[in-house]
Novice: 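Just passing along the structure, written as structure tokens.
It should be emphasised that the depicted structure is a prediction, and the values quoted were computed from it without experimental measurement.
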Amino acid sequence: QNPIILKAYQERMSLRGVARTFGVHRQSVSRWIVVHVQNLPKLKDTLLPAKPDDILEYDEAWSFVLKKVNKRWLWTVMCRRTRQIIAFVIGDRSEETCRRLWNRVPSEYRSCISYSDFWEAYQIVLPQETHHAVAKDSGQVSHMERWYCILRQRQARYVRKTLSFSKCDAFHHMVTKWFIVDYNLAIKQFASLTM
């Protein structure tokens, strides 16, 4: 594995671009990415400790795999205090996918106040005692919206009008997980330096 090549890929270079620039076959780069992502820590291990008064923001972003008709939605949950992504899932926009997301929320965050838009799946799945559906202009999900801007700047496959896309679901998930884990670890590292 070459860390410089992996970093170049993370900076929105395509596999073909990386292959041309570094003189490495794109299948080699793909293998290195698979190995690298397999060795990443679990998402839960990248998180700062939860606090009882934490507030969560839920949202989802559109993407696709291979063709635009193959829609994939990235569902995420952010802790407002730490700005870390505490859970994510990729799927359709159904109640089932929302339930998968809820099941991935760490137990220490389950009783936190949360906000989302008015998408029906959230109202069905998330606990009514702690969850609030709000309009986008309320500001209650603005941190999550801002994070999606960061995601789109760094991951071309999430740009709305793009020529970059994943060719298979497994790779789409791997690259998304890689981005989220690195993002969380950077916040965790910064927090440890400022304490």
Side-chain angles (χ1 to χ4, degrees), residues 10 12 42-44 46-48 50-65 68-162 164-166 169 172-188:
Q10 258 195 319
R12 287 181 72 165
K42 292 180 180 176
L43 186 64
K44 185 171 180 165
T46 70
L47 301 178
L48 293 163
K51 292 188 176 178
D53 59 346
D54 278 336
I55 296 172
L56 307 181
E57 297 180 23
Y58 287 74
D59 205 0
E60 68 284 339
W62 174 86
S63 64
F64 67 96
V65 172
K68 288 193 175 180
V69 295
N70 299 329
K71 297 176 182 177
R72 300 295 183 271
W73 292 86
L74 170 63
W75 299 62
T76 50
V77 186
M78 173 183 276
C79 173
R80 188 181 290 175
R81 175 181 56 86
T82 65
R83 303 292 197 269
Q84 289 183 305
I85 302 300
I86 64 164
F88 80 96
V89 68
I90 298 174
D92 57 16
R93 289 191 91 191
S94 68
E95 176 189 336
E96 180 185 335
T97 306
C98 187
R99 198 167 303 285
R100 283 175 43 219
L101 178 69
W102 171 247
N103 289 336
R104 291 184 184 184
V105 172
S107 58
E108 55 269 32
Y109 289 99
R110 292 280 179 107
S111 60
C112 293
I113 298 292
S114 65
Y115 294 92
S116 75
D117 59 25
F118 290 103
W119 188 247
E120 186 181 11
Y122 292 123
Q123 317 322 311
I124 296 169
V125 174
L126 301 181
Q128 292 181 354
E129 315 82 61
T130 55
H131 179 68
H132 306 280
V134 295
K136 296 276 187 187
D137 61 3
S138 69
Q140 295 293 354
V141 290
S142 60
H143 300 96
M144 192 72 263
E145 292 287 336
R146 182 173 183 265
W147 185 83
Y148 281 127
C149 290
I150 293 169
L151 175 71
R152 289 184 182 108
Q153 286 174 349
R154 298 189 191 165
Q155 293 290 313
R157 69 196 70 224
Y158 283 99
V159 176
R160 289 185 178 98
K161 292 184 179 179
T162 184
S164 302
F165 55 87
S166 300
D169 283 307
H172 193 62
H173 187 273
M174 273 191 296
V175 174
T176 302
K177 177 185 176 185
W178 183 11
F179 175 78
I180 291 172
V181 166
D182 277 4
Y183 174 85
N184 280 358
L185 287 174
I187 290 176
K188 192 173 185 179

Novice: For His143, check ring pair (Phe, Tyr, Trp, His ring centres under 6.0 Å) against everything at least two apart and list the hits.
Specialist: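 Result, ring pair (Phe, Tyr, Trp, His ring centres under 6.0 Å) vs His143: none returned.
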Novice: Is the cationic atom of Arg110 (NZ for Lys, CZ for Arg) positioned less than 6.0 Å from the six-membered ring centroid of Trp102 and within 45 degrees of its normal?
Specialist: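 Yes, a cation-pi geometry holds between Arg110 and Trp102.
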Novice: Considering all heavy atoms of both residues, which atom of Val134 and which atom of Gln140 are nearest to each other, and what is their separation?
Specialist: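 Nearest pair, atom of Val134 first, then Gln140: CG2-CB, 3.8 Å.
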Novice: I need the Ile86 CD1 to Leu56 CG distance, nearest 0.5 Å.
Specialist: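 With rounding to 0.5 Å, CD1 (Ile86) is 4.5 Å from CG (Leu56).
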Novice: Please round to the nearest 0.5 Å and tell me the distance separating atom CD of Glu57 and atom CD1 of Ile113.
Specialist: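 CD1 of Ile113 is found 13.0 Å from CD of Glu57.
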Novice: Write down the atom of Arg100, the atom of Ile90, and the distance for their closest heavy-atom approach.
Specialist: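 Minimum heavy-atom contact is NH2-O, 3.3 Å.
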Novice: Does some side-chain heavy atom of Arg104 sit less than 4.5 Å from a side-chain heavy atom of Leu101?
Specialist: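 Leu101 does not reach Arg104 side chain to side chain.
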Novice: Between Arg99 and Glu95, does a salt bridge (charged side-chain N to carboxylate O under 4.0 Å, His left out) hold up when you go through it step by step?
Specialist: CA-CA 6 Å; Arg99 198 167 303 285; Glu95 176 189 336; 2.7 Å; yes
Novice: Give a yes or no on whether the backbone of Ala87 and the side-chain of Trp75 come within a donor-acceptor separation of less than 3.5 Å.
Specialist: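 Checked: no pair found.
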Novice: Can you find a heavy atom in the side chain of Tyr58 that is under 4.5 Å from one in the side chain of Tyr122?
Specialist: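 Tyr58 reaches Tyr122 side chain to side chain.
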Novice: Are the side chain of Arg72 and the backbone N or O of Asn70 linked by a donor-acceptor pair below 3.5 Å?
Specialist: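 Present.
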Novice: Measure the shortest side-chain to side-chain distance between Arg81 and Ile55 over non-hydrogen atoms and say whether it is less than 4.5 angstrom.
Specialist: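 Not touching, per the 4.5 Å side-chain cut-off.
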Novice: Could I get the full list of ring pair (Phe, Tyr, Trp, His ring centres under 6.0 Å) partners for Phe88, not counting sequence neighbours?
Specialist: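 Testing Phe88 for ring pair (Phe, Tyr, Trp, His ring centres under 6.0 Å), a comparison that skips the adjacent residues, returns His173.
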Novice: Are any of the side-chain heavy atoms of Arg93 and Glu60 separated by less than 4.5 Å?
Specialist: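 Arg93 vs Glu60: side chains touch.
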Novice: Report all side-chain donor-acceptor pairs from residues 123-131 shorter than 3.5 Å, counting only partners two or more places apart or in another chain.
Specialist:
unit_1, atom_1, unit_2, atom_2, d
Gln123, NE2, Asp117, O, 3.3
Gln123, NE2, Trp119, O, 3.1
His131, ND1, Ser114, OG, 2.9
His131, NE2, Ser116, OG, 2.9

Novice: For Leu47 and Lys42, run side-chain contact (heavy atoms from CB on, under 4.5 Å): C-alpha distance rounded to whole Å, both residues' side-chain angles, the deciding distance at 0.1 Å, then the answer.
Specialist: CA-CA 10 Å; Leu47 301 178; Lys42 292 180 180 176; over 6 Å; no
Novice: How long is the straight-line distance from SG of Cys79 back to OH of Tyr109, given to the nearest 0.5 Å?
Specialist: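 The SG atom of Cys79 is 4.5 Å from OH of Tyr109, to the nearest 0.5 Å.
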Novice: Can you find a pair of side-chain heavy atoms, one from Lys177 and one from Asp182, that are under 4.5 Å apart?
Specialist: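 SC-SC contact between Lys177 and Asp182 ruled out.
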Novice: Say you draw a straight line from OG1 of Thr82 to CG of Asn184; how long is it, rounded to the nearest 0.5 Å?
Specialist: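 So the gap between those two atoms works out to 7.5 Å.
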Novice: Do Asp53 and Arg80 meet the salt-bridge criterion of a basic N to acidic O distance under 4.0 Å?
Specialist: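 Answer for the salt bridge query: no.
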Novice: To the closest 0.5 Å, what do you measure between OG1 (Thr46) and CG (Leu185)?
Specialist: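 Result: 5.5 Å between the selected atoms.
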Novice: Within a strict 4.5 Å, meaning less than it, do heavy atoms of the Lys51 and Asp54 side chains meet?
Specialist: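 The answer is yes, as the side chains (C-beta and beyond) meet within the 4.5 Å cut-off.
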Novice: Could you report the tightest heavy-atom contact between Cys112 and Pro52, atom names first, then the distance?
Specialist: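 Scanning both residues, the minimum pair turns out to be SG-O, 4.3 Å.
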Novice: So, for Tyr148 and Trp62, is the gap between ring centers shorter than 6.0 Å?
Specialist: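 For Tyr148 and Trp62, the ring centres are not under 6.0 Å apart.
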Novice: Does Thr176 use its side chain to pair, donor to acceptor, with the backbone of His172 at less than 3.5 Å?
Specialist: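 Yes, because the side chain of Thr176 sits within donor-acceptor range (under 3.5 Å) of the backbone of His172.
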Novice: Evaluate Lys136 against Asp59 for salt bridge (charged side-chain N to carboxylate O under 4.0 Å, His left out), listing each step before the verdict.
Specialist: CA-CA 10 Å; Lys136 296 276 187 187; Asp59 205 0; 3.1 Å; yes
Novice: For the CD1 atom of Ile187 and the CZ atom of Arg83, what is their distance to the nearest 0.5 Å?
Specialist: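 Here the rounded value is 8.5 Å.
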Novice: Is there side-chain contact between Lys71 and Phe64, with at least one heavy-atom pair below 4.5 Å?
Specialist: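 No - every pair of side-chain heavy atoms lies 4.5 Å or more apart.
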Novice: Judged by atom type as modelled, is there a donor-acceptor pair below 3.5 Å linking the side chain of Gln155 to the main-chain atoms of Phe179?
Specialist: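 No; zero donor-acceptor contacts below 3.5 Å.
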Novice: Could you check if a side-chain atom of Trp147 sits within less than 4.5 angstrom of a side-chain atom of Ile180, using non-hydrogen atoms only?
Specialist: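 They are in contact (side-chain heavy atoms under 4.5 Å apart), so the answer is yes.
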